[in-house]
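Please read these numbers as outputs of a predicted model, since none were measured by experiment.
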Amino acid sequence: QVRLVESGGGSVQAGGSLRLSCTVSGYTGSSFCMGWFRQAPGKERELVAYVYTGAPTYNPAYADSVKGRFIISRGDAANTLYLQMDSLKPEDTAMYYCAADTVRHACYISASLYNYWGQGTQVTVSS
């Protein structure tokens, strides 16, 4: 059974930093897409960033709202994903989810295409 577990959320003041982590267990494939999504109250879930693990190699992609502030990366172990968030703003406040798409051999923006999800970790940024 594939399982994704996030950690690293919390409360910070505007301008601060947080690092989210996601660990995938139970998946034996070597190439799949992993992404970070977020959902604020009353809003739709939106892509924050994604990266394709394995071959072929694709550059990570980011939502315009986080470009230059967030960095998505993989750990040394293929089943670990990070999201370094710097210069946080109050509008970054949301539940953040790690997701994996093990079906398609590319990354996509739509949350509906990701077949595995973590339980979410809350990020709150105060002004």
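A 4.5 Å side-chain heavy-atom check between I71 and L83 finds every atom pair outside the cut-off. Contact check for T23 versus L4: no side-chain heavy atoms found under the 4.5 Å cut-off. The shortest distance between side-chain heavy atoms of W36 and F70 does not fall below 4.5 Å. L20 has its side chain out of reach of E6: every pair of non-hydrogen atoms, C-beta onward, lies at least 4.5 Å apart.
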- request: Verify side-chain contact (heavy atoms from CB on, under 4.5 Å) between T121 and Y97, making sure each step is shown before the conclusion.
  value: CA-CA 7 Å; T121 185; Y97 298 90; over 6 Å; no
- prompt: side chain to side chain donor-acceptor pair (under 3.5 Å) between N79 and S25: does it pass, once the steps are laid out?
  reply: CA-CA 7 Å; N79 62 343; S25 61; over 6 Å; no
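Using a distance-only test at 3.5 Å, with no hydrogens or angles considered, no donor-acceptor pair links the side chain of Y62 to the main chain of L47.
Tracing side-chain contacts under 4.5 Å through hydrophobic residues (I, L, V, M, F, W, Y), one never reaches M95 starting from V123; they form parts of separate clusters. Cluster membership check: L113 does not share its hydrophobic cluster with V24, using side-chain heavy-atom separations under 4.5 Å among Ile, Leu, Val, Met, Phe, Trp and Tyr.
Within the 6.0 Å centre-distance limit, the rings of F37 and Y114 are counted as a close aromatic pair.
Cation-pi geometry between R19 and Y82 is met: the NZ or CZ atom falls under 6.0 Å from the ring centre, inside 45° of the normal.
Atom CZ of R104 sits in a crowded spot, with more than 12 heavy atoms from other residues, nucleotides or ligands closer than 6.0 Å.
Judged as a ring-ring contact (aromatic ring centres under 6.0 Å, His included), and not counting sequence neighbours, the contacts of Y27 are F32.
Rounding to the nearest 0.5 Å places CE of M85 at 8.5 Å from OG of S17. To the nearest 0.5 Å, atoms CD (Q84) and OG (S21) are separated by 9.5 Å. Between the SG atom in C33 and the OH atom in Y50 there is a gap of 7.0 Å [rounded to 0.5 Å].
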